[in-house]
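See below for the structure under consideration.
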Amino acid sequence: MLNFSILEPEGVLVLKPDAPLQQEDFTALTATVGAYLAKHGKLHGALVYAKKFPGWDHVSGFTAHMHFVREHRTKVERIAVVTDSIIADVAESIAKFFTSAEIKRFHFAEYNAALAWVKT
């Protein structure tokens, strides 16, 4: 499951995956982000906050995730990945090929520092 919210005044999308990601997670996320972007044009940042990455429930979850990234890759200025997952460094390197956003990794305990960074 993907819990998410948009911090309206700051234009920051906060994503908190806590179970394998499903296609339905991205359907809801796309609707919420689309409504925000229709009013504001872009997000200043996105913050992914997960102790470890939960993966995807099925190939449809992975496909929906990649579609979301492709559709929004130019509409996010910064991405903070806040995790202690061992795959974070690899994911950060790969993500740079799919987005124009500046990406920075933070340890799981550094949520406040990550949030401050994406807000600037």
Side-chain angles (χ1 to χ4, degrees):
M1 170 171 258
L2 179 61
N3 298 300
F4 62 88
S5 61
I6 297 179
L7 306 177
E8 288 274 343
E10 297 91 350
V12 174
L13 173 64
V14 178
L15 303 151
K16 296 180 179 181
D18 62 3
L21 301 173
Q22 302 176 13
Q23 181 177 1
E24 295 79 15
D25 293 328
F26 293 98
T27 302
L29 179 62
T30 298
T32 300
V33 170
Y36 180 86
L37 292 173
K39 293 180 189 174
H40 304 282
K42 66 171 32 180
L43 287 162
H44 294 292
L47 187 149
V48 181
Y49 184 64
K51 184 91 171 155
K52 63 179 187 139
F53 179 66
W56 301 272
D57 74 328
H58 191 268
V59 71
S60 63
F62 174 78
T63 302
H65 187 172
M66 294 304 105
H67 180 75
F68 179 83
V69 170
R70 187 181 74 229
E71 293 298 313
H72 298 92
R73 68 182 180 266
T74 61
K75 298 174 183 162
V76 180
E77 295 173 350
R78 289 183 161 192
I79 300 171
V81 180
V82 186
T83 186
D84 288 338
S85 175
I86 59 172
I87 66 164
D89 293 331
V90 174
E92 181 181 352
S93 296
I94 293 169
K96 290 179 180 180
F97 291 104
F98 296 100
T99 182
S100 59
E102 182 179 0
I103 302 171
K104 186 172 180 180
R105 181 176 182 252
F106 294 83
H107 290 284
F108 189 73
E110 298 177 307
Y111 177 86
N112 290 333
L115 185 59
W117 180 78
V118 295
K119 286 181 179 180
T120 60

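The side-chain heavy atoms of L47 and V82, taken from C-beta on, include a pair separated by under 4.5 Å. Proximity of F106 to Y111: side-chain heavy atoms (C-beta onward) are nowhere separated by under 4.5 Å. With contacts defined as side-chain heavy-atom distances shorter than 4.5 Å, the pair L37/H72 qualifies.
Y49 and F108 have their aromatic ring centers within a separation under 6.0 angstrom.
Between the R78 side chain and the H44 main chain, no donor and acceptor come within less than 3.5 Å of each other. Looking at T83, its side chain does come within 3.5 Å of a backbone N or O of A50 through a donor-acceptor pair. Side-chain N or O atoms of T30 include none that pairs as donor or acceptor with a backbone N or O of T27 at under 3.5 Å.
For N3, the side-chain hydrogen bond (donor to acceptor under 3.5 Å, both in side chains) partners are D18, not counting sequence neighbours. Residues forming a salt bridge (Lys or Arg N to Asp or Glu O under 4.0 Å) with K119 (at least two apart in sequence, or on another chain): E10. Legend: residues meeting salt bridge (Lys or Arg N to Asp or Glu O under 4.0 Å) with K51, ordered by chain and number and at least two apart, are D84. Every residue meeting the ring pair (Phe, Tyr, Trp, His ring centres under 6.0 Å) condition with H40, not counting sequence neighbours, appears here in chain and number order: Y36. For F26, the ring pair (Phe, Tyr, Trp, His ring centres under 6.0 Å) criterion is met by H65, not counting sequence neighbours. Applying the salt bridge (Lys or Arg N to Asp or Glu O under 4.0 Å) rule to E110 yields no partners; only residues at least two apart in sequence or on another chain are considered.
Under the 4.5 Å side-chain heavy-atom criterion for ILVMFWY residues, no single connected hydrophobic cluster contains both V69 and V118. Under a hydrophobic-cluster definition in which Ile, Leu, Val, Met, Phe, Trp and Tyr are linked whenever side-chain heavy atoms come within less than 4.5 Å, directly or via other members, V81 and W56 are assigned to the same cluster. Side-chain heavy atoms closer than 4.5 Å link hydrophobic residues (I, L, V, M, F, W, Y) into clusters, and following such links, possibly through other members, connects V33 to V76. Taking hydrophobic clusters as Ile, Leu, Val, Met, Phe, Trp and Tyr residues chained together by side-chain heavy-atom distances below 4.5 Å, L13 does not share a cluster with W117. Hydrophobic clustering, with ILVMFWY side chains joined whenever heavy atoms are under 4.5 angstrom apart, keeps I79 apart from L7.
In terms of heavy atoms, K52 sits closest to S85 at CA-CB, 4.0 Å. When every heavy atom of A114 is checked against every heavy atom of A80, the shortest pair comes out as CB-CB, 3.9 Å. P17 approaches P54 most closely through the heavy-atom pair CB-CG, 3.8 Å.
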query = Between L15 and L2, does a side chain to side chain contact (heavy atoms under 4.5 Å, CB included) hold up when you go through it step by step?
reply = CA-CA 7 Å; L15 303 151; L2 179 61; 4.1 Å; yes
message = Does L43 form a side chain to side chain contact (heavy atoms under 4.5 Å, CB included) with V12? I'd like the steps, not just the answer.
response = CA-CA 6 Å; L43 287 162; V12 174; over 6 Å; no
key: Test log, rule side chain to side chain contact (heavy atoms under 4.5 Å, CB included), inputs V59 and T63   = CA-CA 6 Å; V59 71; T63 302; 4.1 Å; yes
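Note that CD of E24 and CE of M1 are 10.0 Å apart. Values are rounded to the nearest 0.5 Å. Note: L29 CG to F4 CZ = 5.0 Å, rounded to the nearest 0.5 Å. For the atom pair CG (D57) and CG (L21), the distance works out to 8.0 Å, reported to the nearest 0.5 Å.
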